[in-house]
Amino acid sequence: MITRTPEETRAVARALAQELGPGDVVSLSGDLGAGKTVFVQGMAEALGVTEPVTSPTFTLVHTYAGRVPLVHVDVYRLERLGEFDDLALDEIAADAVIAVEWGDSVADALPPSRTEVALRFGDGDDERFIEVHRGEG
Ligand code: ADP
Ligand code: MG
């Protein structure tokens, strides 16, 4: 689908997150500035997170309390898959929804049941194309 504002992208994300629960993993792909973090902000709203969601690029993982907890991971700076395994995603997050920015770069370390969200730039500064492939889980 197409969005033309960050709020429209957050609305798409809210609709998806309403269908998610503990243990669900969402892998986000898209270039820098495509809107991955904005999308996770929308997910957080639907999960009942009240704390502001910011980019975890330098801390790698943020955990937010909510109706369902949200674990927000950005693997941009992880060069090797081994480092990502060290995060022990399944242990930190059995009770949470997990959103992984740049998830496509560590796809092998994510469950096959993951939902994939791809964001691409459209025309102008604000248009985005968003594709969501729901996981089986
Ligand atoms: P990423 O995490 O993919 O690097 P961010 O979510 O941090 O990207 O940034 C996306 C930027 O694009 C924000 O500054 C946001 O305001 C802007 N933006 C403009 N239009 C849109 C849109 N339709 N959807 C999402 N973000 C948008
Ligand atoms: Mg980001």
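It should be emphasised that the depicted structure is a prediction, and the values quoted were computed from it without experimental measurement.
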(request) Would you check, one step at a time, whether the test side-chain hydrogen bond (donor to acceptor under 3.5 Å, both in side chains) holds for Ser29 with Glu116? (result) CA-CA 8 Å; Ser29 64; Glu116 297 195 345; over 6 Å; no
Working to the nearest 0.5 Å, report the span between [atom1] of [X] and [atom2] of [Y].
X      : Y      : atom1 : atom2 : value
Thr5   : Arg10  : OG1   : CZ    : 7.5 Å
Glu101 : Leu28  : CD    : CG    : 6.0 Å
Arg120 : Glu127 : CZ    : CD    : 10.5 Å
Met1   : Ile130 : CE    : CD1   : 6.5 Å
Met43  : Thr37  : CE    : OG1   : 12.0 Å

Closest heavy-atom pair and its distance - [X], [Y]:
X      : Y      : value
Ala99  : Leu70  : CB-CD1, 4.3 Å
Arg134 : Thr115 : NE-OG1, 3.2 Å
Leu32  : Trp102 : N-CH2, 3.7 Å
Gly103 : Leu110 : O-CD1, 3.7 Å
Asp74  : Ser55  : OD2-OG, 4.1 Å

Count I, L, V, M, F, W, Y as connected when their side-chain heavy atoms are under 4.5 Å apart, and connections chain through other members. Are [X] and [Y] then in the same cluster?
X      : Y      : result
Leu119 : Val100 : no
Leu16  : Val71  : no
Tyr64  : Ile98  : no
Val12  : Val26  : yes
Val117 : Phe121 : no

(request) Please answer whether the main-chain N or O of Ser27 pairs with a side-chain N or O of Lys36 as donor and acceptor at a distance below 3.5 Å. (result)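 No: the side chain of Lys36 does not pair with the backbone of Ser27.
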(request) Using a 4.5 Å cut-off on heavy atoms from C-beta on, say whether the side chain of Val38 contacts that of Arg128. (result) no
(message) With heavy-atom distances below 4.5 Å as the criterion, would you say the side chains of Pro22 and Val68 are in contact?
(response)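 They are in side-chain contact.
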(request) For the residue pair His72 and His62, categorise the inter-ring angle as parallel (less than 30°), tilted (30 to 60°) or perpendicular (more than 60°). (result) perpendicular
